[in-house]
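Report on one structure; see the data block that follows.
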Amino acid sequence: MIKKVLVANRGEIAVRVLRTCKELGFETVAIYSEADREALHVRFADEAYCIGPPPPKDSYLRGDHILQVALEAGAQLIHPGYGFLADSPEFARACNDAGVTFVGPLPETIEQLSDKAAVRRLARRLRLHILPGTKRSLDDAQLLASADKIGYPLLLKAAAGGSGIGIQIINSHSELETAIPTARREARTTFGDGALYLERLIENARHIEVQLLADAEGHIINLGERECSIQRRHQKLIEEAPSRALDSSLRRKILRSAVRIARTVGFIGAGTVEFLLDPEGRYYFLKVNPRLQVEHTVTEAVTGVDIVKEQLRIASGRSLRYSQKEVKPRGWALECRILAEDPFRNYTASIGRISRLHEPGGPGVRVDSGIYEGLAITPYYDSLLAKLVTWGETRGVAIVRMRRALEEYRIHGVMTNLDLHRALLNSHRFFGGQFHTRFLEEQFVPKEPEEEEYLAAALTTALLDWRRRAGAQTQSNGVANRWKMLGRWELLGGGDP
Amino acid sequence: MIKKVLVANRGEIAVRVLRTCKELGFETVAIYSEADREALHVRFADEAYCIGPPPPKDSYLRGDHILQVALEAGAQLIHPGYGFLADSPEFARACNDAGVTFVGPLPETIEQLSDKAAVRRLARRLRLHILPGTKRSLDDAQLLASADKIGYPLLLKAAAGGSGIGIQIINSHSELETAIPTARREARTTFGDGALYLERLIENARHIEVQLLADAEGHIINLGERECSIQRRHQKLIEEAPSRALDSSLRRKILRSAVRIARTVGFIGAGTVEFLLDPEGRYYFLKVNPRLQVEHTVTEAVTGVDIVKEQLRIASGRSLRYSQKEVKPRGWALECRILAEDPFRNYTASIGRISRLHEPGGPGVRVDSGIYEGLAITPYYDSLLAKLVTWGETRGVAIVRMRRALEEYRIHGVMTNLDLHRALLNSHRFFGGQFHTRFLEEQFVPKEPEEEEYLAAALTTALLDWRRRAGAQTQSNGVANRWKMLGRWELLGGGDP
Amino acid sequence: MRYQVTVEGRTFDIEVTPDGQVWVDNQPLHVDLESIDGLPLYSLLVDHRSYDAHVEKNENGDQQVVVAGRPYRATMQGENIPTTQVTQHQKDEGPSEISAPLPGWLVDVRVAEGESVGAGDVVAVLESMKMHLELRTARDGVVRSISASAGQVISQGEIIAVIDDLPRA
Amino acid sequence: MRYQVTVEGRTFDIEVTPDGQVWVDNQPLHVDLESIDGLPLYSLLVDHRSYDAHVEKNENGDQQVVVAGRPYRATMQGENIPTTQVTQHQKDEGPSEISAPLPGWLVDVRVAEGESVGAGDVVAVLESMKMHLELRTARDGVVRSISASAGQVISQGEIIAVIDDLPRA
């Protein structure tokens, strides 16, 4: 029997998952909001169903609608991608109860992992370092008192937040006093919950995470680590695998810690354990993400493992195909997140229609895109347009390849952060691997564009005006070329033109 | 000192070489004929020089012009790509004499390898099998007499031909009698030389070739074999690495034979030794190509080695970076050549302007393209638009990935052979690896398109007419969507739309 | 509005009601055709089955619909639609011209003026994009004139030879 | 034809002779601008240096030239060209409107009607594409009216608040 998979997501990750489904010969079902009728994932899937108006709460977060579509279309599996319903134990449970397999861990595991206090307790029991911090239900006075005990700088976070939203850096008691009321109000408006908590800020920390695969029989393997320290506003921007920050003994320890915590919670499927690494080589457990991550691509590039395929296999009840020994990473991989935003104007989001698109290619380049020429970029969802991944034998090769691929990339019609990526990839500190999670915001100074490009822009402007005036007789470039070429023949002194 | 490289080619291979040059931080110089002012390689390079009118003999084959440009632009290296001047000892010698390094073997080696009779003698000395055949200067009567001795079927070939052009299959004495005069005349017109020769046709043969790298110090390694048996009109269409036709003992023998012959001729650079394999496992030496091949990409995909980079390193006098033991192929790779031609109308070439282009992406997919949206495809050069390469852990994965990628690929404005590739990749015999060099022309029957696509075409036609008539009030798809969605809410029994 | 649409030999009866509902062979279908950015590019959903369609002219100037990357020729009949005439109107009389379907170089001319030729005979060989293309005559006749010679560069549509009908018996 | 073209603060003197030759700052340059397929896409060769250029309107409707993927604003002066007025004409008087530069949801309104605000104060916070965007007032004043509230969906250009100038002393 051919299986049918519903992908409960949109954009690049929906396309990513659909690709593997197609390779496995599965029938595919897409869902879309009213704003996404034109979206690439709709055109990509075998079937597509509208599930509601643009706001996520009315469409991509409507688990009831999505499940209904799965039943109507006869899907046996639902892949949630990342974000939206991927971390929802309720949705996972509803799917499984309705006889549609949720591609992810057991609902109980997701539930357990979403209880941050419980996870911290668990990590402490496993003797992992955790970041000093507070509970999630303190009043203003308690927050201030705890802050003085933990010490500054620290992070003020919205308890209901996530993905880097609702986080502020606090440097002193008085800063905290000023920040609390605004943060509460914003958290209430944004997440519907004003609860805040504090966490020690580790300075010059690096973000290290471990990719895991686990089957229902209790086999757990790691696919190595990723480093995601290049961030803006606490959101990852560039990721790589492996990490330059780990030597082999530290790597072994972190990988082992990740597997242990996953084993303890009975993890099944693909997941990631996140750590912060301080400059002294001490690593702090942050959390377990019970789902596919945006940056899974770099792990795929170095291991050759299709993580989505393994997710679907595990969800179908099959056991892992690899032993730990059979996972043999090769080379280095980088990922740049291509976002519709203006990095030089405070990362303002940009909307519009993709008027022209030219994607890079050639050796060692992978593009995972959710866009195509003609597509409208709407303001309803996140600004991730595409992911550019390069692989090289060494980190250096992966970097120069990424530079080359970024130079090839053209996206017109919306502002993107391609130029920021070009600048980052050209920085010596990035090349040297000397960075931390606040590198971009605190230390990075982009290079000025090349002088000669100004002249190119000026010449284009002047010549277009001149041609408009001169009219038809100069339109014929062929004639001009032939003329110039004849000149060249004379110069070269030979050849009949 | 930053090096400058002139790429003496056009199309996808010029872009391919330019990419690696950029990664190495080299300055790049492109050349173009009058017909190629818009070509991608011109836009891609740092500098570009027009070298003549469209016909290759007046531009891309004008070694004197090209060398002059190299000197004027200050290039230290000339990379010839494949075709055009890549096999020309005269050009290689002229470059080296002018102090510009030709990226390839020594001119003497190229000369030696282009003397087919001498190479055959050499192979015989090394006790390699060669195809029974004749000399290249026989008259009609001698050809007929030799043919009867060698036995039918056999191949009648133009001595000055190459790349599969000027080859005919001959099944009998009388067929040969009829074919000779026409073949002579065509050879004279096409290649300027009417000389013909005969070669035994091996039935159900497979084309196997070995990729080699050799440095000036005499180190030679192989990067494994490729199989290129899917051909049309004696031209390769689909290639893969490794080959299913070899078991490990036969593979070891063929690889060793290839290295031996390269060592004997003092080969330096990247080259390929081609063999035919008969159904009994006997392999016949064909020739040594002293240059990059179109299908080098599949070897890159399985070994992780950038062959162009190694060529440039070797040409710069550096020694090989790999020992044979360090070359560790992983998985399987396929390449489909995407051509501007109509495979269902006798492979007629197609010209026009690329009106829309959508390239595949995602895991395990590489696109090496010489085109972009808006580019005019002219009749002056070969019809290769792009190469689509997929990698997978196994041959099966590489195949399903290629199927998926071919489904994603869209090229509008010219006819392409994408559909033929889709059909080939879906055939059971291709999947089973049961094919030979005449599989496509003798045994392959393409599948009919899916029935439901006819209906989709009919509906599109009818609805576009209906909309044109109904005019503006039905243009607003948003309204229609909302209406349908409301219907859906009622169906689902909930949710405020 | 009722249409008879023929796609590569298959004919569909399609009715579109004034409110845009679609019936095919008298069965209702849920059809949603979305035009993307005014381009000749469409996303088509047929009872939720998703297709991408692209409308373009082919080499002969006929409109074709490319579905999932495969081109289909569609002809249409309906009220107020001039029936598409796909009559097999073949000229059986008068001279016929052999012209170049593509630009290229003439590799070979296989006939001489005044020579008799039979239907299917190769008149000339054109090279375009490294391919040889045989130009054949569609019927019996006598070569009236040859206007190009081997080695010559030929533009698209350029006439290479004219074939007269055989004199009537 | 003589042009003064200013690109991001750098000014070039460009002369194009009637036969299309180009002089920059009185030096001859070999310039070849090739338009591709009538698209706003160009291949530019400047003394053989190759650039790709794309001409487009930016978010504010100004023409910009994208060279090698990087956008440049260019303004031009010359004979018969109305001098581009890039005067810093700032309205210092009258009410100012705080409007949404992007569509999105209003996350927070930080001021109340009648409240005094200072230049740079955040008036409201807009969420668009998962980003928070602070809308600030450019000068001192008093909030005359607020026309949207937190949680509300906002269209691009929609006015969220009006700020009156401070009463003159």
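Bear in mind that the values here come from a model prediction, so they are computed numbers and not experimental data. Here is the naming used below: chain letters follow the sequence lines, and residue numbers restart at 1 for every chain.
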How about [X] and [Y]: do any of their side-chain heavy atoms sit closer than 4.5 Å?
{"X": "A/E186", "Y": "D/R110", "result": "yes"}
{"X": "A/R356", "Y": "D/H54", "result": "yes"}
{"X": "D/V7", "Y": "A/T461", "result": "no"}

Answer with side chain, backbone, both or neither: which region of [X] has an atom nearer than 4.5 Å to a non-hydrogen atom of chain D?
{"X": "A/T182", "answer": "side chain"}
{"X": "A/E451", "answer": "side chain"}
{"X": "A/L406", "answer": "neither"}

Parallel, tilted or perpendicular: rings of A/Y454 and D/Y72 (30°, 60°)
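Answer is perpendicular, since the angle exceeds 60°.
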Most heavy-atom pairs under 4.5 angstrom with chain D, which of A/E452, A/R422, A/H412?
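Top count of heavy-atom pairs under 4.5 Å with chain D: A/H412.
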Go through the atoms of [X] and report whether side chain, backbone, both or neither lie under 4.5 Å from a heavy atom of chain A.
{"X": "D/T17", "answer": "backbone"}
{"X": "D/V66", "answer": "side chain"}
{"X": "D/V46", "answer": "side chain"}
{"X": "D/A53", "answer": "side chain"}

Count the heavy-atom pairs under 4.5 Å between each of D/V125, D/V55, D/D52 and chain A, then report the option with the highest count.
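Among the listed options, the one with the most contacts to chain A is D/D52.
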With a 4.5 Å cut-off on heavy-atom pairs, point out which of D/V65, D/L39, D/V22 contacts chain A the most.
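Among D/V65, D/L39, D/V22, the one with the most close pairs to chain A is D/V65.
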Just to verify, which of D/L33, D/V67, D/V5, D/V24 counts as forming a side chain to side chain contact (heavy atoms under 4.5 Å, CB included) with A/L459?
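By the side chain to side chain contact (heavy atoms under 4.5 Å, CB included) criterion, A/L459 pairs with just one of D/L33, D/V67, D/V5, D/V24: D/V24.
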Compare every heavy atom of D/W105 with every heavy atom of A/P379, then report the nearest pair and how far apart it is.
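Minimum heavy-atom separation between A/P379 and D/W105: O-CZ3, 4.3 Å.
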A/W466 to D/P18 - nearest heavy-atom pair and separation:
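Here A/W466 and D/P18 meet closest at CZ2-O, 3.6 Å.
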Could you check whether D/R10 pairs with A/E453 (Lys NZ or Arg NE/NH1/NH2 to Asp/Glu carboxylate O, under 4.0 Å)?
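Salt bridge flag = no for A/E453 with D/R10.
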For a side chain to side chain contact (heavy atoms under 4.5 Å, CB included) check, start with the C-alpha distance between A/L464 and D/Y42, then their side-chain angles and the critical distance, and finish with the verdict.
CA-CA 10 Å; A/L464 287 181; D/Y42 301 89; 3.5 Å; yes
